[in-house]
Protein chains: 2
Amino acid sequence: MKTIERKKKRNTKQKAIVFQVVQDSHDHPTAETVYERAKRELPTISLGTVYRILKELVPEGKIREIIVNKQSRFDPKTEFHHHFICKKCGKIEDVKTPLCRYTCKKLEQKGYIIEEIEYKFYGLCDKCAAEN
Amino acid sequence: MKTIERKKKRNTKQKAIVFQVVQDSHDHPTAETVYERAKRELPTISLGTVYRILKELVPEGKIREIIVNKQSRFDPKTEFHHHFICKKCGKIEDVKTPLCRYTCKKLEQKGYIIEEIEYKFYGLCDKCAAEN
DNA sequence: AAGTACCCGATAATGATTATTATTAAGGTA
DNA sequence: TACCTTAATAATAATCATTATCGGGTACTT
């Protein structure tokens with residue numbers, strides 16, 4: 001009897017390109033934007049494929065997903081960090097901020113398990129603030 | 001041609017009921033849930049009206065909107081506070097936490113204007129943690 | 001009462017995302 | 001090599017929350 005062997009996941013051209021596009025994007029693109037950029041490399045790629053691959057890459061720890069205005073955006077930076085969102089121009093910027101140990105401890109004392117923390121700062125970026 | 005000026009917005013039965021429903025809800029209901037509860041008081045109310053009124057009440061400062069999993073939820077508590085979201089049962093709980101003055105100051109020094117801050121803690125609530 | 005702003009319920013439209021389906025292509029096997 | 005099995009793809013349809021539209025009515029103002 002043969003042992004059932006798990007097949008290797010293929011590393012397809014599509015997956016490599018989608019990953020590379022996110023790697024090269026520092027503007028927190030949407031899936032649609034990733035699709036447009038990927039199409040420049042591989043014009044036949046489909047939007048559904050881009051969505052599927054992005055959703056694979058996140059649990060693999062290769063990219064991060066952040067949600068702004070009910071829309072998914074993708075970030076090549078996987079280290080723990082947070083975001084500032086400009087309400088006027090829509091720019092999303094990385095923000096380093098310490099997390100509140102006190103609040104976490106208090107929740108954990110209640111028996112809660114904290115797995116993820118997300119801080120979002122909304123307002124006007126320097127350029128938009130200067131225009132006002 | 002004369003323009004008629006309207007001074008006060010009408011406080012309709014629909015608006016009063018939607019507001020009351022949110023006031024009485026401590027579970028951060030969705031628009032759909034608010035609609036269901038409002039229907040118990042006024043069976044003819046429509047979902048579109050509930051959406052419209054909820055969207056009015058937010059800038060009026062009567063209720064707060066929070067977004068969880070790309071869905072709007074409504075909160076009678078308008079004071080500054082944050083949320084814990086259980087990844088298993090979906091429960092949303094209010095969390096009091098100090099905001100990071102240092103991070104805000106650093107952003108403001110760069111010329112940014114911060115208008116809103118949102119902290120979200122994701123994980124397992126006490127009950128769901130105990131079940132694991 | 002007349003004129004008009006405002007609000008309503010019903011319904012259609014939208015936008016982002018997910019599911020489905022038929023096709024293609026890769027890897028292993030004989 | 002040819003064949004078989006299965007995964008990955010492109011194209012398309014379906015879904016879900018939300019927003020826009022429309023026609024009719026209500027109430028405010030003069």
Side-chain angles (χ1 to χ4, degrees), chain A residues 1-22 28-60 62-63 65-74 90 92, chain B residues 1-22 28-60 62-74 85 90 92:
Chain A
M1 111 175 23
K2 293 187 230 183
T3 36
I4 297 162
E5 285 168 27
R6 175 172 299 208
K7 298 224 165 153
K8 239 199 305 189
K9 276 210 170 181
R10 270 185 268 159
N11 192 13
T12 65
K13 205 181 352 175
Q14 287 85 349
K15 188 159 187 176
I17 287 169
V18 168
F19 177 58
Q20 197 54 52
V21 164
V22 178
H28 306 86
T30 62
E32 188 84 34
T33 302
V34 172
Y35 170 56
E36 279 156 25
R37 291 175 189 171
K39 263 202 299 194
R40 298 206 281 256
E41 280 296 307
L42 184 65
T44 59
I45 198 168
S46 75
L47 181 57
T49 299
V50 171
Y51 268 105
R52 184 179 43 72
I53 290 171
L54 287 170
K55 249 184 49 178
E56 280 170 26
L57 291 169
V58 172
E60 288 172 11
K62 306 270 184 60
I63 64 174
E65 178 181 12
I66 61 167
I67 295 167
V68 176
N69 296 327
K70 300 185 180 176
Q71 230 193 335
S72 288
R73 291 172 169 273
F74 299 90
I92 299 166
Chain B
M1 65 175 74
K2 50 189 156 179
T3 31
I4 291 175
E5 307 205 350
R6 200 165 291 282
K7 298 173 184 166
K8 247 198 285 190
K9 277 211 169 180
R10 266 187 274 159
N11 192 13
T12 65
K13 205 179 356 170
Q14 286 85 349
K15 187 158 188 176
I17 287 169
V18 168
F19 178 58
Q20 197 55 52
V21 164
V22 178
H28 306 84
T30 62
E32 188 83 39
T33 303
V34 172
Y35 169 58
E36 278 157 25
R37 291 176 188 170
K39 263 202 296 195
R40 297 207 281 256
E41 281 295 309
L42 184 64
T44 58
I45 198 167
S46 75
L47 180 57
T49 299
V50 170
Y51 268 104
R52 184 176 44 72
I53 290 171
L54 288 169
K55 251 184 48 177
E56 279 169 28
L57 290 169
V58 172
E60 289 171 10
K62 306 270 185 60
I63 65 173
R64 261 186 53 168
E65 178 181 12
I66 61 168
I67 295 167
V68 176
N69 296 327
K70 301 186 180 177
Q71 230 194 335
S72 288
R73 290 173 169 274
F74 300 91
I85 297 131
I92 299 166

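Order of the sequence lines fixes the chain letters, A, B, ..., with proteins taken first and strands second; residue numbering starts at 1 for each chain.
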Whole-Å distance separating the [atom1] atom of [X] from the [atom2] atom of [N]:
X: A:Ile53; N: C:dT17; atom1: CD1; atom2: C1'; result: 16 Å
X: A:Glu32; N: C:dT17; atom1: CD; atom2: P; result: 9 Å
X: B:Asn69; N: C:dT18; atom1: CG; atom2: C1'; result: 15 Å
X: A:Tyr35; N: D:dT12; atom1: OH; atom2: C1'; result: 12 Å
X: A:Glu36; N: C:dA16; atom1: CD; atom2: C1'; result: 14 Å
X: A:Arg52; N: D:dA11; atom1: CZ; atom2: C1'; result: 13 Å
X: A:Lys39; N: D:dA10; atom1: NZ; atom2: P; result: 12 Å
X: B:Asn11; N: D:dC28; atom1: CG; atom2: P; result: 11 Å

Which nucleotide wins on minimum distance to the side chain of [X], given the candidates [options]?
X: A:Thr12; options: D:dA10, C:dC7, D:dT9; result: D:dT9
X: A:Ile45; options: C:dG9, C:dA5, D:dA10; result: D:dA10
X: B:Ser72; options: C:dC6, D:dT18, C:dC8; result: D:dT18
X: B:Thr49; options: D:dA10, C:dC8, D:dC28; result: C:dC8
X: A:Leu47; options: C:dG9, C:dT17, D:dA10; result: C:dT17
X: B:Lys70; options: D:dT26, C:dC8, C:dT17; result: C:dT17
X: A:Tyr51; options: D:dA11, C:dT18, C:dC7; result: C:dT18
X: B:Gln71; options: D:dA17, D:dA8, C:dT17; result: D:dA17
X: B:Lys55; options: C:dC8, D:dT19, D:dA10; result: D:dT19

Practice item. Start with the C-alpha gap between A:Glu60 and A:Leu57, add the side-chain angles, then the distance that decides, and say whether side chain to side chain contact (heavy atoms under 4.5 Å, CB included) holds. Key: CA-CA 5 Å; A:Glu60 288 172 11; A:Leu57 291 169; 3.8 Å; yes
Exercise for review: For B:Gln14, report the nucleic acid contact type (base, sugar-phosphate, nothing); a contact means any heavy atom under 4.0 Å.
Suggested key: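 Answer is sugar-phosphate: B:Gln14 comes under 4.0 Å of backbone atoms only.
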Check your understanding: Contact class for A:Thr44 vs. all strands (heavy atom < 4.0 Å): base, sugar-phosphate, or nothing?
Key ->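 If one applies the 4.0 Å heavy-atom cut-off, A:Thr44 turns out to touch the sugar-phosphate alone, with no base involved.
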Review point. Taking atom types as modelled, is there a side-chain donor on B:Thr30 or B:Gln71 under 3.5 Å from an acceptor on the other?
Key: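 The criterion, which ignores hydrogens and geometry beyond distance, is not satisfied for B:Gln71 and B:Thr30.
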Exercise for review: Check whether the side chains of B:Ser72 and B:Glu65 place a donor and an acceptor atom closer than 3.5 Å, and report yes or no.
Suggested key: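 The answer is yes; a qualifying pair exists.
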**Study point:** Salt-bridge criterion met for A:Lys15 and A:Glu56 (N-O under 4.0 Å)
**Key:**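 Yes, A:Lys15 and A:Glu56 are salt-bridged.
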Check your understanding: Checking only heavy atoms, does the side chain of B:Arg10 share a donor-acceptor pair with the base of C:dC7 at less than 3.5 Å?
Key ->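 Flag unset: no donor-acceptor pair detected.
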Review point. Between atom CD of B:Glu36 and atom CG of B:Leu47, what is the distance when rounded to the nearest 0.5 Å?
Key: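 Separation between the atoms: 9.5 Å.
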